[in-house]
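Atoms within each ligand, like the ligands themselves, are counted from 1 in listed order.
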Amino acid sequence: MKDSEDWNRARMRKHIETILVGEGFLWISGLQAYALKGNTLWQLELHWANSRLKGKTSIMLIMKLAWNAFIYMIWRERNKRHFKGLQANESEDWLDIDFGIAEGVDFIAISFVKSAEVINHLKSYIAARACGSEIAVIAKMESVDSLKNLEEIIQASDGAMVARGDLGAQIPLEQVPSAQQKIVQLCRQLNKPVIVASQLLESMIEYPTPTRAEVADVSEAVRQRADALMLSGESAMGQYPEKALAVLRSVSVRIEKWWREEKCHEAMELPDVGTLFADSISEEICNSAAKIANNLEADALFVYTKTGLMASLLSRCRPDCPIFAFTTTTSVRRRLNLQWGLIPFRLSFYDDMDANLNKTFSLLKARGMIKSGDLVIAVSDMLQSIQVMNVP
Ligand SMILES: CC(=O)C(=O)O
């Protein structure tokens, strides 16, 4: 969009569109209950055309057909928008997805997801098209149906986004914070990364400093332990994109520091997520390693992981220290960037664990990320063990 006027116009159109298609909205429910008496507009229009355009002359027949076709087109367009999430088979969507696959994107986020079926469908398509590359699918939670089917959608996805812009147009505004809390919490329990998006620093589209309320909103998302926060308008067309990013970063760092220093961890029940025996072992190792790291006030956790699973299991525990994750493929390294507290690196592994440790100690020391004497807890999915040591 060229300027904010264009954006405002587009946004206003979108809001009107949302109001027109939202069955959750009072006037639509009222219309259906009282005026339409349970019939759809489409059924009533057909009835109207059939009764009003009586007669069997050819001109009447043509008018009848034309009227029905016209109403059908409007109805089809309305349904297309309303069932946006289910109709991911629309040709433009598939073209966009193909473009993403060709460009080697790491994530595809799908809007207005209504059920796990949509996610599974997209995943099968990506698997068939992307020839071995692993593109993660993020479910955008922004409709009443996505909230109804939250758990199955999150289970099927590789992560979720609390898309507060559209969500706030689909449910009453005062319900958005509790929906956010619920989605973030469930994602953590199910070990899926979660992004909190939209209007975090909305006023910074025009002004160089945020409002107190915006800072409180960012703090709350950090306190809920979301994996990522996403700017949209602030960086897409705002006047202070870098400042907005800097504010987001400084507020997040400050809250997390306070969290660690004051030991304000809220106990959270983390149900088992491992289904295979090997996964359950990894999970137990990671839970214990995170606990040891907190109890010993370790300087860093190191994880050597081929698939990224152990790194995500460590991240799920939200330990007090940074987690350095080492993995062998670029796609896993890039994907791990989305997860809370992980600093991922790609490198090839030796068979000997000591050689891997020495290599990574040198790498991080050279970058000033650790120093001699630091206490490190290391886990690995090759050895399935926990090692506690000081950096040489
Ligand atoms: C990000 C987005 O799509 C929303 O907030 O609606």
Heavy-atom contacts with D166 under 4.0 Å: which atoms of ligand 1 show up? List them by number with element. 4 (C), 5 (O), 6 (O)
Determine whether the side chain, the backbone, both or neither of R164 has a heavy atom under 4.0 Å from any heavy atom of ligand 1. backbone
Check this for me - ligand 1, L167, N or O atoms closer than 3.5 angstrom, yes or no? no
Which residue in the set R188, Q181, K182 passes side-chain hydrogen bond (donor to acceptor under 3.5 Å, both in side chains) when paired with Q185? Q181
Would a 4.5 Å heavy-atom cut-off, applied to side chains only, mark K371 and V391 as touching? no
Using a 4.0 Å cutoff against the non-hydrogen atoms of S198, which atoms of ligand 1 qualify? 1 (C), 2 (C), 4 (C), 5 (O)
Which of the atoms in ligand 1, numbered in the order shown and given with their element, are less than 4.0 Å from a heavy-atom of G165? 4 (C), 5 (O), 6 (O)
From CD (E117) to CD (E152), nearest 0.5 Å: 9.0 Å
Under a 3.5 Å cutoff, is there a donor and acceptor pairing between the side chains of Q199 and R164? no
For N191 and S312, which I'm curious about, is there any donor-acceptor pair between the side chains at under 3.5 Å? yes
